[in-house]
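Reckoned from all heavy atoms, side chains included, excluding hydrogens, waters and symmetry mates. Small disclaimer: the values here were computed from a predicted structure and weren't measured.
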Amino acid sequence: QNFTMNRDYALAIMFKRLAYLSGLIDLELLFNIAYATIWMFFNSMIKLLYSRVEQGLKIDRTHLRSANLVWFADASDRKEGITVSLCGPFVRITHDQAMLESSQILDELRECLNFRAEGGDTYTIYGDPAYRACDILIKPIRNSSHMDRLDGQLNYTMSTLKIVVECEFGHVANLFAFLKYKPGQKLWLSRCAKFYPVATLMKNIHICLNGGKSSKHFGLLPPTLEEYMNGMHLQHLRQHSS
């Protein structure tokens, strides 16, 4: 059977499915469409949007503004609340350092955080003690008998500035409750690995339009929707031309 559906209508079905714990029967009653058809359009829209982030949300130099970095930006999340790097999923329990190395994010950050060619500075990220320190990543000074007062003060000050990345996971889950509904994540029947990247993309768009707690707290404006989507489009073209 061949038929078409308005793209906006299909997007509404996807949002309703992700944002609420709505079963297919509930959606059938709401949209007056057979649940099998709803499931097909939901999967098709997920697949279409995932094609924009299939290589993971990658850090792009246009995502990181030198003026904002003066205030602070960590490896995976900007202070405006825009998630600029996402990789995975990882099978089984994986150590944080192993995930960091697998993501290749440090190589991307070496390029994106270096503003010397523009007369600026080179920035580093501040990570948890679980990570291995390197030229682009520093971590808290280990407590020891030789630790002086300034070292302790530095650790305390930095601990108050860190963004816990789990907070961003929670932000995505709060916007899209379906991600927390384990019975809905069915391997071989659902595109489970694609749900979260697509939801993260939608969360970023939500922040572009509405701002977020982080941007309001630090007084940093998120990009406009046009700026963000243009950056995503250019990134998509670079990935497919390489």
Measure across [X] and [Y] and return the closest heavy-atom pair with its distance rounded to 0.1 Å.
{"X": "I33", "Y": "E28", "result": "O-CG, 2.9 Å"}
{"X": "A193", "Y": "Y50", "result": "O-CE1, 4.3 Å"}
{"X": "M45", "Y": "A10", "result": "CE-CB, 3.6 Å"}
{"X": "V172", "Y": "K203", "result": "CG2-CE, 3.8 Å"}
{"X": "H171", "Y": "I207", "result": "CE1-CD1, 3.8 Å"}
{"X": "D128", "Y": "P140", "result": "C-CD, 4.2 Å"}

What is the distance from atom [atom1] of [X] to atom [atom2] of [Y], rounded to the nearest 0.5 Å?
{"X": "R7", "Y": "F41", "atom1": "CZ", "atom2": "CZ", "result": "12.0 Å"}
{"X": "E227", "Y": "C208", "atom1": "CD", "atom2": "SG", "result": "8.5 Å"}
{"X": "R17", "Y": "I46", "atom1": "CZ", "atom2": "CD1", "result": "10.0 Å"}
{"X": "L179", "Y": "L18", "atom1": "CG", "atom2": "CG", "result": "6.0 Å"}
{"X": "I205", "Y": "L225", "atom1": "CD1", "atom2": "CG", "result": "6.0 Å"}
{"X": "N174", "Y": "K180", "atom1": "CG", "atom2": "NZ", "result": "5.0 Å"}

Self-check item: With Y35, the side chain to side chain contact (heavy atoms under 4.5 Å, CB included) member among D26, L27, I25
Solution: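 One option only clears the test, and that one is I25.
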
State, yes or no, whether a side-chain contact exists between [X] and [Y] at a heavy-atom distance under 4.5 Å.
{"X": "L100", "Y": "I105", "answer": "yes"}
{"X": "K194", "Y": "L49", "answer": "no"}
{"X": "L109", "Y": "L137", "answer": "no"}

Quiz item: Any donor and acceptor pair, going by atom type alone, linking the side chain of T200 with main-chain N or O of Y196 inside 3.5 Å?
Solution: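 Yes; judged by distance alone, with no hydrogens or angles, the pair exists.
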
Quiz item: Got a sec, which residues hit ring-ring contact (aromatic ring centres under 6.0 Å, His included) with F178, two or more places apart in sequence or on another chain?
Solution: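 Per chain and number, F178 pairs via ring-ring contact (aromatic ring centres under 6.0 Å, His included) with F195.
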
Among the clusters formed by ILVMFWY side chains lying less than 4.5 Å apart, do [X] and [Y] turn up in the same one?
{"X": "L154", "Y": "Y126", "result": "yes"}
{"X": "V198", "Y": "L209", "result": "yes"}
{"X": "L29", "Y": "M40", "result": "no"}
{"X": "I13", "Y": "Y181", "result": "yes"}
{"X": "F42", "Y": "Y20", "result": "no"}

Quiz item: Who passes side chain to side chain donor-acceptor pair (under 3.5 Å) against E101, sequence neighbours left out?
Solution: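 E101: side chain to side chain donor-acceptor pair (under 3.5 Å) contacts with Q97, R132.
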
Exercise. Give a yes or no on whether the ring-centroid distance for Y9 and F31 is below 6.0 angstrom.
Key: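 Yes: the rings meet the under 6.0 Å criterion.
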
Quiz item: Can you list the residues that meet the salt bridge (Lys or Arg N to Asp or Glu O under 4.0 Å) rule with R110, with sequence neighbours excluded?
Solution: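 Once residues adjacent in sequence are excluded, the partners of R110 under the salt bridge (Lys or Arg N to Asp or Glu O under 4.0 Å) criterion are D107, D135.
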
Practice problem: Take L175 and F15, measure what side-chain contact (heavy atoms from CB on, under 4.5 Å) needs, and give me the verdict at the end. | Solution: CA-CA 10 Å; L175 289 174; F15 275 130; over 6 Å; no

